[in-house]
Protein chains: 2
Amino acid sequence: MDGIPIGELSRLTGVNIETIRYYEKIKMLQPPPRTEGGRRIYGPTETRVLAFIRRGRELGFGLEDIRALLALGGPGKASCEDVRKIASHHLDDIRTKIADLRKLERLLAKTITQCSGSRVPDCPVLDILDVRRS
Amino acid sequence: MDGIPIGELSRLTGVNIETIRYYEKIKMLQPPPRTEGGRRIYGPTETRVLAFIRRGRELGFGLEDIRALLALGGPGKASCEDVRKIASHHLDDIRTKIADLRKLERLLAKTITQCSGSRVPDCPVLDILDVRRS
DNA sequence: ATGCATCCTGTAGTGACTACAGAAGCAAGG
DNA sequence: CCTTGCTTCTGTAGTCACTACAGGATGCAT
């Protein structure tokens with residue numbers, strides 16, 4: 001019985017033990033073989049799938065998108081076009097988020113600059129939040 | 001008994017009925033007076049506090065920060081300096097997020113550009129996710 | 001045997017909501 | 001008055017992606 005236990009897989013991949021078990025529960029990861037004592041033993045395939053999932057999360061993909069990508073990555077399954085659709089949609093989301101955050105940044109930065117440290121009720125940050133103040 | 005019911009407050013402020021009740025439950029909003037039938041009746045003060053909360057959420061502040069800002073906004077409570085601290089810290093968070101998202105954007109955009117629509121296993125998006133592919 | 005580390009399953013919590021279910025309230029119309 | 005249709009109530013549970021136990025079992029070294 002060759003393979004590694006869950007703790008070692010966790011250290012190897014940087015994914016939390018509990019998260020690994022969570023991924024198994026939601027069927028992102030196939031249940032691995034067990035020892036006679038009931039402990040999970042992970043081989044290279046499982047290790048690789050987990051690394052794939054982690055990388056996808058790092059890139060900000062949701063779990064369902066990653067699930068789809070995993071399915072698409074199987075042998076002879078689909079063209080790169082399907083993968084591209086998922087990734088492009090995600091890229092659009094990221095761009096929208098960046099634009100929104102840039103707006104927030106500008107608004108907040110401007111408001112904080114005006115914050116002279118004077119006593120309330122002279123406070124531009126509170127002013128921007130409060131409909132009656134502004 | 002002057003005031004508006006929760007449905008009208010929801011339409012007025014754009015905050016979900018259930019979210020309004022949630023805010024009351026977690027004590028962001030004070031429980032308003034009720035009709036004899038038990039229905040909530042909101043006045044101008046509650047309306048204003050809810051609008052404050054919503055604006056804060058729009059600006060990306062967490063509820064606990066908004067709670068603190070609400071407390072600071074009270075009469076003679078604190079200087080604008082405390083408010084500034086909260087807002088500045090939030091601005092730092094936003095800037096970090098923007099930087100992270102920009103990294104993601106660049107990486108994904110580059111990878112998708114390479115995606116020619118050819119058949120798997122020729123797929124740069126999957127390549128970037130998969131340790132053995134790359 | 002003992003002690004410590006690792007692992008197991010099941011349950012519940014996080015943050016900020018969101019969505020019912022089943023019952024009650026309310027106003028308009030017949 | 002009754003009926004109808006809409007609004008509101010409380011309580012419970014779910015969303016997403018985890019995270020944190022509790023209590024017990026396993027495994028290894030001394």
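This is a predicted model, so every value here is computed, not measured. So that the names make sense, note that chain A is the first sequence line, chain B the second, and so on, each numbered from 1.
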Summary of salt bridge (charged side-chain N to carboxylate O under 4.0 Å, His left out) pairs that have at least one residue in residues 37-46 of chain B, sequence neighbours excluded: Glu24(B)-Arg40(B)
Nucleic acid contacts - residues 54-63 of chain B versus DNA chain C, non-hydrogen atoms under 4.0 Å: Arg57(B), Gly62(B), Leu63(B)
Arg34(B) vs dA24(C): side-chain N/O to OP1/OP2 distance below 4.0 Å: no
Positions of residues 15-29 of chain B (non-hydrogen atom under 4.0 Å from DNA chain D), listed by number: Ile17(B), Arg21(B)
Candidate pair Arg102(A) and Glu105(A), rule salt bridge (charged side-chain N to carboxylate O under 4.0 Å, His left out), full reasoning: CA-CA 5 Å; Arg102(A) 292 294 296 275; Glu105(A) 180 199 20; 3.6 Å; yes
Pair Lys110(B)-Gln114(B), side chain to side chain contact (heavy atoms under 4.5 Å, CB included): steps then yes or no: CA-CA 7 Å; Lys110(B) 178 183 162 201; Gln114(B) 296 168 353; 4.1 Å; yes
Closest approach of Leu101(B) to Ile94(A) (non-hydrogen atoms, all atoms of both residues): O-CG2, 3.7 Å
Rounded distance (Å) that lies between atom P of dC16(D) and atom CD of Glu64(A): 8 Å
Selection residues 4-16 of chain B - residue pairs positive for side chain to side chain donor-acceptor pair (under 3.5 Å), sequence neighbours left out: none
Tyr42(A) OH - dT6(C) C1' separation (whole Å): 13 Å
If you restrict it to nitrogen or oxygen atoms, what contacts under 3.5 Å exist between nucleotides 27-29 of chain D and the protein, and what is each distance?
none

For atom CD of Glu8(B) and atom C1' of dC26(C), their distance in whole Å: 15 Å
Smallest separation among heavy atoms of Pro32(A) and Tyr42(A), with atom names: CG-CE2, 3.5 Å
Between CZ on residue Arg34(B) and CD1 on residue Ile41(B), distance to nearest 0.5 Å: 10.0 Å
Worked check of side chain to side chain contact (heavy atoms under 4.5 Å, CB included) between Val15(A) and Thr19(A): CA-CA 7 Å; Val15(A) 182; Thr19(A) 308; 3.8 Å; yes
For Phe61(B), all residues meeting ring pair (Phe, Tyr, Trp, His ring centres under 6.0 Å), sequence neighbours excluded: His90(B)
SB check Arg67(B) Glu64(B) (cutoff 4.0 Å): yes
Rounded distance (Å) that lies between atom P of dT6(C) and atom CD1 of Ile4(A): 14 Å
Thr47(A) (side chain) donor-acceptor with Gly43(A) (main chain) under 3.5 angstrom: yes
